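A quick write-up on the structure given underneath.
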Amino acid sequence: MRATAVAQPNIALIKYWGKANEELIIPSTGSISLTLDQYPTTTTVTLQPEANTDTATLNDEALSGVELDRITAFLQHVRNLAGVETRAHVSSTNTVPTAAGLASSASGFAALATAACAAYHVQVDKRDLSRIARRGSGSAARSIFGGVVRWEAGEDDASSYAQPLDWRGPELRLVVARVSTARKSVSSREGMRRTIETSPFYEGWVRSNRELVLRASEAIAHGDLQTLGALTELSTMRMHASMLGAEPPLRYLEARSFALFDAISALRDRGVEAWATADAGPNVKILTTAADVEQVIDCITSEFPELEHLVSGVGGGAHLAQSEHR
Ligand code: PMV
């Protein structure tokens with residue numbers, strides 16, 4: 001039995017940073033994201049009735065150590081749901097620069113959840129699929145759906161899931177400015193742990209971000225991009241503030257990341273609808289509209305000619321590309 005699925009990354013507008021339950025990956029606050037139509041991950045899961053262990057390749061290179069352990073733990077969760085023990089081979093092709101703050105784990109585990117559930121015959125709706133994807137990587141729960149998506153924090157495995165939100169505002173674009181493609185020095189998992197354990201700002205982050213989820217949800221319901229954009233920058237800065245308070249500090253943003261935030265703010269002063277955000281890495285993602293995206297690109301190419309950039313539209317959710325049962 002073999003199944004292939006495709007998923008795209010998502011970029012959080014209202015961020016997720018910190019787990020209330022690390023084993024189940026229950027976040028301490030909800031989050032809201034936009035699924036991209038770029039950087040797909042394609043993953044095939046092939047059941048291996050003769051094998052004693054799971055195996056996996058990423059871009060044709062065999063995985064081992066913690067990376068393989070994470071996939072095996074995830075597959076075991078799906079096997080428990082299916083009530084079978086058959087091992088599998090996972091072959092994944094990722095077009096996102098892995099671990100560069102571009103959420104490769106989101107598309108990766110959304111595609112793996114979709115392919116693994118099909119290969120193991122676990123029949124679930126998309127909400128339950130998002131709960132399953134969440135166990136691989138929190139942000140993957142959101143990539144199960146396309147468009148604007150809210151991950152409800154919930155309080156247990158059943159109540160922590162993603163769902164799509166209706167967006168009727170201007171047509172959105174997201175520009176990714178690649179400040180660096182190097183692997184990040186501290187993983188988001190480790191960074192979250194350190195922030196929770198040592199940052200005096202963590203509590204304030206959780207309290208204020210819960211409120212931002214509510215305010216952003218209301219802005220989305222009204223198609224109000226001005227408010228959503230402003231809240232996106234606010235959630236970004238508050239998340240990075242909580243990280244900066246950790247010991248030792250987690251400083252993912254570089255000087256050029258801040259220079260981009262300044263350039264986008266100057267564009268806004270000239271009437272362009274654009275807001276910047278950044279995750280656990282130095283890359284800056286700019287939320288803008290189809291009408292204004294050219295002005296954002298002109299700004300990057302003239303002020304930051306050395307930076308590669310990529311323009312994304314709004315993508316669909318994870319889906320099955322192929323499924324064979326022999
Ligand atoms: O789910 P993870 O471990 O990839 O964590 C994602 C954390 C951020 O990208 C920084 C924020 C977010 O909500 O995507």
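Both counts, for ligands and for their atoms, begin at 1 and track the order of listing. Only a predicted model underlies this, so the values are computations on that prediction, with no experimental measurement involved.
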Element-labelled atoms of ligand 1 that are located less than 4.0 Å from some non-hydrogen atom of [X]:
X      : result
Gly138 : 1 (O)
Ser137 : 1 (O), 2 (P), 3 (O), 4 (O)
Ala12  : 12 (C), 13 (O), 14 (O)
Ala280 : 10 (C)
Asp279 : 8 (C), 9 (O), 10 (C), 11 (C)

Counting heavy atoms under 4.0 Å, the part of Met192 that contacts ligand 1 is side chain

Give the contacting part of Ser139 toward ligand 1: side chain, backbone, both or neither, where contact means a heavy-atom distance below 4.0 Å. both

Is Ala106 in contact with ligand 1, taking contact as a heavy-atom separation below 4.0 Å? no

If we only consider heavy atoms of Ser105, is any one of them less than 4.0 Å away from an atom in ligand 1? yes

Filter on ring pair (Phe, Tyr, Trp, His ring centres under 6.0 Å), then keep only pairs touching residues 129-160, sequence neighbours left out; what's left? Tyr16-Trp151

Say whether [X], considering both its backbone and side-chain N or O atoms, lies within less than 3.5 Å of an N or O atom on ligand 1.
X      : value
Trp17  : no
Arg142 : yes
Ser188 : yes
Asn10  : no
Lys15  : no

Considering only NZ, NE, NH1 and NH2 on the basic side and carboxylate oxygens on the acidic side, decide whether Glu233 and Arg268 come within less than 4.0 Å. yes

Between the side chains of [X] and [Y], does any donor sit under 3.5 Å from an acceptor?
X      : Y      : result
Arg134 : Tyr161 : no
Asp69  : Thr72  : no
Thr41  : Asn94  : yes

Nearest heavy-atom neighbours spanning Gly313 and Asp37: N-OD1, 2.8 Å

Qualifying residues under ring pair (Phe, Tyr, Trp, His ring centres under 6.0 Å), relative to Phe261, sequence neighbours excluded: none

Quick one: are Thr195 and Met239 in side-chain contact, heavy atoms under 4.5 Å? no

Quick one: does Ile71's side chain get under 4.5 Å of Leu112's, heavy atoms only? yes

